[in-house]
Amino acid sequence: MKALRIHGPRDVRVDNVDDPEIQDSRDAIIRVTSTAICGSDLHIYNGSIPQPRPMTLGHEFMGIVEEVGKGVKNLKRGDRVVVPFPIACGHCLFCNHDLPGHCENSNPEHYGPEGGLMTEKGGALFGYTDLYGGYDGGQAEYARVPYADYGPRKVPDNLTDEQVLFLTDIFPTGYSGIDWANVKGGETVAIFGAGPVGIMAAKSAWLRGASRVMIVDTQQYRLNLAAKAARAEGILWESHDQVVDEIRSKTRGYGADVVVEAVGFEPDRSLGDRAKAVFNVEKGSDKVMLACLSAVRRGGFVSILGVYSSPYDNFPIHQIFDKGIIIQAGQAPAHKHIDKLLKHVSDGDVRLDDIISHRLPLTEAPHGYDIFRHKKDNCTKVVLKPGA
């Protein structure tokens with residue numbers, strides 16, 4: 001089969017590889033009909049999260065069940081399914097507490113309680129390096145899905161792939177940022193990052209009754225899309241102080257009730273930012289997180305959805321303490337939310353496919369990575385079609 005594999009920093013290729021096979025009684029083999037490139041994939045593509053051997057990327061995919069193991073009773077050949085991005089067993093301590101990203105059985109070689117830089121990581125993720133299980137992902141014609149009796153959800157026939165594809169990751173992730181903050185109605189929400197996750201967070205804020213939604217980005221075209229697709233007030237990032245001042249000016253000087261960090265450790269950076277990172281032996285930058293801590297009101301909530309993979313010098317713990325900020329971060333519990341979010345889509349409460357800017361055959365995936373990384377051609381979200 002054809003599969004998009006990482007061979008090194010900024011070196012992805014569509015290779016011919018062996019078809020996946022059933023390896024465990026709880027496995028399923030999925031013929032992938034749609035898959036997408038995620039901002040998190042770019043961290044591997046850039047070499048910021050290392051992957052020493054070739055592996056198939058992609059954790060946002062769906063398709064048709066071709067084969068199931070003997071232990072899978074809830075799926076059969078021909079079922080059309082969407083697959084949550086964490087790989088989770090469904091019965092360990094963490095799965096039983098709706099924390100599939102911390103599953104203690106899916107990543108046996110690299111799992112542990114510490115959460116270190118290169119050791120004792122969390123549960124497995126599709127196509128997300130050996131540190132997170134080493135499972136091939138879904139940017140391929142076929143994919144092996146472990147624990148298929150727990151993860152995949154059947155999709156109604158009346159919904160297209162593109163209407164439900166983002167239930168795999170970015171919609172549950174954006175929703176988690178709002179759910180963690182326990183948004184009940186009337187809150188002002190500020191989101192940093194008008195990429196796919198940020199826009200899904202904005203859509204989710206409205207679903208939960210927010211009274212005002214602002215979104216920050218360095219690219220005007222992304223702010224334009226956020227305004228159109230999620231009715232979010234755009235703020236163009238020029239500097240830390242300018243953004244924080246603008247958010248405070250819109251909130252009577254207090255700051256937002258809820259701030260969502262949807263950028264991560266590889267934001268757009270100046271030469272000075274890059275020099276600072278080299279001097280401090282840091283990966284990327286925590287500049288967006290620092291802006292979130294300033295933009296939230298006292299006693300407010302910050303949800304960190306963007307990936308952070310290294311420590312940072314001079315982290316402002318004093319500010320968090322003085323302002324009484326509540327913070328939650330990590331991989332979204334996609335399994336926890338996917339069923340109710342599928343119902344929101346089915347009922348017409350929310351639309352997900354309006355963020356797609358590019359649709360490409362799998363064979364053009366390297367081009368998709370290039371335009372997504374460099375924000376060329378107003379690229380916001382790339383969907384790949386293995387069968388095209």
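Starting from 1, each residue takes its place in the sequence as its number.
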Take atom CG in Asp157; do more than 12 heavy atoms of anything else shown fall under 6.0 Å from it? no
Taking the side chain as every heavy atom from C-beta outward, state whether Tyr308 and Glu261 have any pair of such atoms under 4.5 Å apart. yes
Can you establish whether the number of heavy atoms outside Lys340 located under 6.0 Å from its atom NZ is more than 12? yes
For atom NZ of Lys2, decide whether the heavy atoms of other residues, nucleotides or ligands shown that lie under 6.0 angstrom number more than 12. no
Interatomic spacing from CZ in Arg252 to OG1 in Thr188 - rounded to 0.5 Å: 9.0 Å
Using the test side-chain hydrogen bond (donor to acceptor under 3.5 Å, both in side chains), find all partners of Glu60 that sit at least two apart in sequence or belong to another chain. Lys381
Donor-acceptor contact present, side-chain Tyr132 to main-chain Gly127, <3.5 Å: no
Okay, side chain of Arg212, backbone of Thr251: is any donor-acceptor separation there less than 3.5 Å? no
Inter-residue atom distance Gln139.CD - Phe61.CZ, 0.5 Å rounding: 10.0 Å
Would you mind listing every ring-ring contact (aromatic ring centres under 6.0 Å, His included) that reaches into residues 79-99, with sequence neighbours excluded? His59-Phe85
Quick check: does any side chain N or O of Asp19 sit under 3.5 Å from a backbone N or O of Met1, one acting as donor and the other as acceptor? yes
Taking Thr168 for the side chain and Leu165 for the main chain, is one N or O donor matched with an acceptor at less than 3.5 Å? yes
For the atom pair CG (Leu57) and OG (Ser40), what is the distance rounded to the nearest 0.5 Å? 11.5 Å
Distance (rounded to the nearest 0.5 Å) between Leu384 CG and Thr35 OG1: 6.0 Å
Main-chain N/O of Val17 paired to Asp15 side chain as donor or acceptor, under 3.5 Å: no
Look at the side chain of Tyr111 and the backbone N and O of His102, then say whether any donor-acceptor pair between them is shorter than 3.5 Å. yes
From Tyr147 atom OH to His335 atom NE2, the distance as rounded to the nearest 0.5 Å: 11.0 Å
Would you confirm whether Tyr142, through its side chain, and Glu66, through its main-chain N or O, come within 3.5 Å as a donor-acceptor pair? no
Decide, yes or no, whether a salt bridge links Arg10 with Asp370 under the criterion of side-chain N to carboxylate O below 4.0 Å. no
For the atom pair CG (Asp79) and NZ (Lys76), what is the distance rounded to the nearest 0.5 Å? 4.0 Å
For Gly123, does its backbone N or O pair with a side-chain atom of Ser106 as donor and acceptor, under 3.5 Å? no
Around atom OH of Tyr254, are there more than 12 heavy atoms of other residues, nucleotides or ligands at under 6.0 Å? no
Does Asp322 have more than 12 heavy atoms from other residues, nucleotides or ligands lying within 6.0 Å of its CG? yes
Is the backbone N or O of Met55 less than 3.5 Å from a side-chain atom of Asp136, with the two atoms forming a donor-acceptor pair by type? no
